[in-house]
Amino acid sequence: MVKEFTNKEIAKILKAVAAAYEVKKGDKFKIMAYDRASTSVEHATSEIKDLWDDGKLNELPGIGAAIASHLDELFRTGRVRHFEEVMKGLPPAMFEFLSIPGIGAKTAYKLCQKLKIKNPKTALKELERAAKLGKIRIIEGFGEESEKKILEAIEAFKKGQIKERRMVLPYADTIAQEIVSYLLNCKAVKRVDTLGSLKRMVSTIGDIDIAVATESPQEVIDWFLKYPKIKKVIEKGPTGASILLENGRQVDLRIGKPEAYGAMLQYFIGSKHHNIHLRELALKKGFSLSEYGIRPLKFKKDKQKILEFEKEEDFYHFLGLDWIPPELREDSGEIEAALNHTLPNLLKIDDIKGDLHIHSNFPIETSHDQGTASMEEVIRKGEELGYEYIGFTEHNPSISKHKPKEIIEILKRKKEEIDKINYSNEKRVRNIPIKALNGLEIDIKPNGTLGIPEEGLKLLDYAIVSVHTSFKMNREEMTKRILSALEHSKVKILGHPTGRKLNEREGYELDWEKVFDFCLKKGKWLEINAWPDRLDLPDVLVREAVKRKVKMVICTDSHSLEHLNLMRYGVAVARRGWAEKNDIINTLPYKEFKKLLNLG
DNA sequence: GCCGTTTTCGGCCCGACTGTTTTCAGTCG
């Protein structure tokens, strides 16, 4: 059995190859290529193994024919002969040092040589010992200062290994928005924006970075450092500061002057690949880009000649591009589209007309979790959000504890309750009464059958089907299981389609080709579940669905009233997948939507 | 080794920091 490689492991291998080439003074651009391939893998939003399974390795930026074939060998045999060749003659221990900040290829090699460190398993310990014994400062090119730094870096690395999990997007966004509103209370603040992966609304976030435009940096920094939830100040300087929050998360603030704020935003929002591509494009047009602005190449290094941009829009327009929404900035075709003026008209939160996956507290006697809010409360909340319909989709009644007849009884009671709500809504004063829909989230049993009897399905307006058990199935079986569950005419939606839990578990494997085809042919919809640690369908699969014209719905999977506010994160995932309004079914007004459910 | 709006050959992102090798290489984001 060949070992399975995670993205992190693959990134590490590619980085090691780059380092090996560097020590051996290989081609500078080849080194760059491997380095780029490594970060590309590290930041990929889907598993490289899956891309390989689907024969789509070269869709990843920085992976071309050569590296793709090396990775192919890796997945098939567990090793790559070419890589072994490149690393031959170098101490394996040196590659362990590459994860320590401040140590690059050359330094790692030199340390291994001079300190005679060979065993990768004990390399870090040996290095730490050498530093403590003062053996590093005497090596040529090192000094007391660098020895101290290495020691500190090892400490930090050891700590970093234990903690540091990436935050899920809604969590990071909530922390950031609080700080943004706090900063807006400072008079000197002209503008505030989040930066980096947070601004791009990536599903998991490493650090929180925030930008402020101001004429008086010191005033803003002083204000920032008085933020009530600070545990300690890590760093402060004239152009920014870093703090540690009580919750253990770090927040970096960057200050810029208003007249050059656009270039700064553009630079720090990234992504790195997007920026590199943009700079290459600019070079061809005779310009050099930086966080300070755009410099015509004919003015070498002359900082006076940098063109400043107050707004990002103008920065992009200057280069002949349409402004690109941050969610698209991953160098996956958005720059070409911006040049051709064919960027998608992305879905907006206001386009959403209903939420189709809500768990109320209706006593449905399920074996899963129940919601906390009553149907009435949810309906009022839905009105607040401007929705035209709400779908109540409690989990099916537990199969083990009820006879089929009892299940039917419970479902009948639920239907009566919903009919009652709709009746009273119509009597209240409102132009378009919000409509309550009688849905259900039904377990897909391991054999692909549904958790309620046929007679129960007839009582429903529609059903969501989801996998909640038996995740460990092979790809073919799981695909068959899910497709047979989707077959029934009342079943419209596949809930949280990959089953992934961010930071917790990978999803199950599916033959997406088949799933997409089936959904397209039979008019089934894939859910983009906005639950914080699901955000499932993932953005790359949304993009694929959009390309194939498979329709989706965005739902919150709410179990309480506040959860209905999570919709914006589902919308963010859809936007990252290039979805427009008409890719998403629940943007339809009720009048149109009900036709799809064959409701009168 | 990657990649394509002046290229399938011949280019390849930018600026800052740091320590130390007094003029720059290595590393990082």
Side-chain angles (χ1 to χ4, degrees), chain A residues 14-15 17-23 25-40 42-43 57-71 82-83 86 97-111 136-137 139-150 152-153 195-197 206-207 209 235 237-240 242 252 254 263-264 266-295 297 300-301 303 306 319-321 331 333 335-342:
Chain A
L14 292 170
K15 197 167 151 194
V17 175
Y21 271 126
E22 201 168 346
V23 172
K25 305 215 192 310
D27 177 50
K28 176 172 139 201
F29 296 107
K30 199 186 275 189
I31 297 168
M32 233 156 95
Y34 271 99
D35 244 345
R36 252 171 104 163
S38 171
T39 42
S40 181
E42 199 179 345
H43 296 141
L57 271 184
N58 354 37
E59 282 187 12
L60 217 59
I63 307 277
I67 295 184
S69 92
H70 292 322
L71 292 183
H82 175 67
F83 291 174
V86 177
F97 296 160
L98 298 177
S99 356
I100 298 173
I103 300 187
K106 309 235 166 127
T107 310
Y109 178 69
K110 204 167 176 185
L111 286 170
I136 292 178
R137 66 182 74 178
I139 302 173
E140 194 193 345
F142 292 86
E144 271 182 55
E145 201 63 28
S146 45
E147 183 177 78
K148 201 174 121 209
K149 282 214 138 180
I150 288 176
E152 283 170 2
L195 300 168
S197 53
D207 308 310
D209 292 305
E235 230 183 313
T239 60
S242 294
D252 297 336
R254 294 177 189 283
M264 171 172 147
Q266 197 290 318
Y267 181 84
F268 286 109
I269 287 173
S271 66
K272 189 176 171 154
H273 285 307
H274 174 87
N275 284 358
I276 288 175
H277 189 159
L278 208 59
R279 279 184 219 130
E280 284 170 356
L281 184 87
L283 270 184
K284 287 170 195 157
K285 295 182 185 250
F287 298 101
S288 165
L289 308 183
S290 77
E291 63 207 83
Y292 304 108
I294 300 179
R295 177 174 56 81
L297 284 176
K300 290 210 164 74
K301 300 277 166 196
K303 292 201 171 157
I306 289 183
L319 296 170
L321 278 76
D331 192 22
I335 290 176
E336 292 81 354
L339 278 167
N340 296 330
H341 311 295
T342 54

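Keep in mind that the numbers below use all heavy atoms, side chains included, and drop hydrogens, waters and symmetry copies. In the text below, chain A, chain B and the rest are named by the order of the sequence lines, each starting its count at 1.
At B/dT18, none of the side-chain N or O atoms of A/Ser146 fall inside 4.0 Å of OP1 or OP2 (strictly under the cut-off).
Residue contacts for A/Leu339: at a heavy-atom cut-off of 4.0 Å it reaches no nucleic acid atom on any strand shown. Residue A/Ala282 is classed as having no contact, given no heavy-atom separation below 4.0 Å to the nucleic acid. At the heavy-atom level, A/Ile31 lies nowhere under 4.0 Å from the strands shown. Here A/His274 lies out of heavy-atom contact (under 4.0 Å) with every strand. Nucleic acid contact class of A/Asn275 (heavy atoms, under 4.0 Å, all strands): none. Note on A/Gly102: only backbone sugar-phosphate atoms sit closer than 4.0 angstrom, heavy atoms only; bases stay farther off. Note on A/Tyr267: a base of the nucleic acid sits closer than 4.0 angstrom, heavy atoms only. Across all strands, A/Ala37 comes closer than 4.0 Å to no nucleic acid atom at all (heavy-atom distances). Within the 4.0 angstrom heavy-atom criterion, only backbone atoms of the sugar-phosphate kind lie near A/Leu289; the bases stay farther away.
With B/dC14, B/dC2, B/dT6 as the candidates, the nucleotide lying closest to the side chain of A/Lys284 is B/dT6. Taking only side-chain atoms of A/Glu145, from C-beta outward, the nucleotide of B/dG29, B/dT5, B/dG19 with the closest atom is B/dG19. Checked against B/dA16, B/dT27, B/dG19, the side chain of A/Tyr292 finds its nearest nucleotide in B/dA16. For A/Ala66, whose side chain is taken as the heavy atoms from C-beta onward, the closest listed nucleotide among B/dT20, B/dG15, B/dG1 is B/dG1. For A/Tyr21, counting side-chain heavy atoms from C-beta on, the closest listed nucleotide (B/dG15, B/dG29, B/dG1) is B/dG1. Comparing atom distances between the A/Glu22 side chain and each of B/dC14, B/dG19, B/dT27 picks out B/dT27 as nearest. The side chain of A/Lys30 has B/dG1 as its nearest neighbour among B/dG1, B/dG29, B/dT27. Among the nucleotides B/dG15, B/dG29, B/dC2, the one closest to any side-chain atom of A/Ala33 is B/dC2. In the set B/dC2, B/dC12, B/dG26, the nucleotide with an atom closest to the side chain of A/Phe29 is B/dC12. Listed nucleotides B/dG29, B/dC12, B/dG26 differ in distance to A/Lys272; the shortest reach to its side chain belongs to B/dG29.
Nearest heavy-atom pair, A/Ser38 versus A/Lys15, reported as atom, atom and distance to 0.1 Å: OG-CB, 3.7 Å. Contact record, A/Ala105 with A/Glu22: CB-OE1, 3.6 Å, taken as the closest heavy-atom pair. Of all non-hydrogen atoms in A/Leu111 and A/Ile139, the two that sit nearest each other are CD2-CD1, 4.4 Å.
Nucleotides B/dC12 and B/dG19 have their C1' atoms positioned 29 Å apart, rounded to a whole Å. Atom name P, nucleotides B/dG15 and B/dT22: the rounded distance is 26 Å, in whole Å.
In this structure a side-chain-to-backbone donor-acceptor pair under 3.5 Å is present from A/Asn275 to A/Tyr267.
Around CD of A/Glu152, the count of heavy atoms belonging to other residues, nucleotides or ligands within 6.0 Å exceeds 12.
Ring pair A/His82/A/Tyr21 is tilted by interplanar angle, where 30° to 60° counts as tilted.
When both pairing distances are held under 3.5 Å, B/dG4 makes a Watson-Crick or G-U pair with B/dC9.
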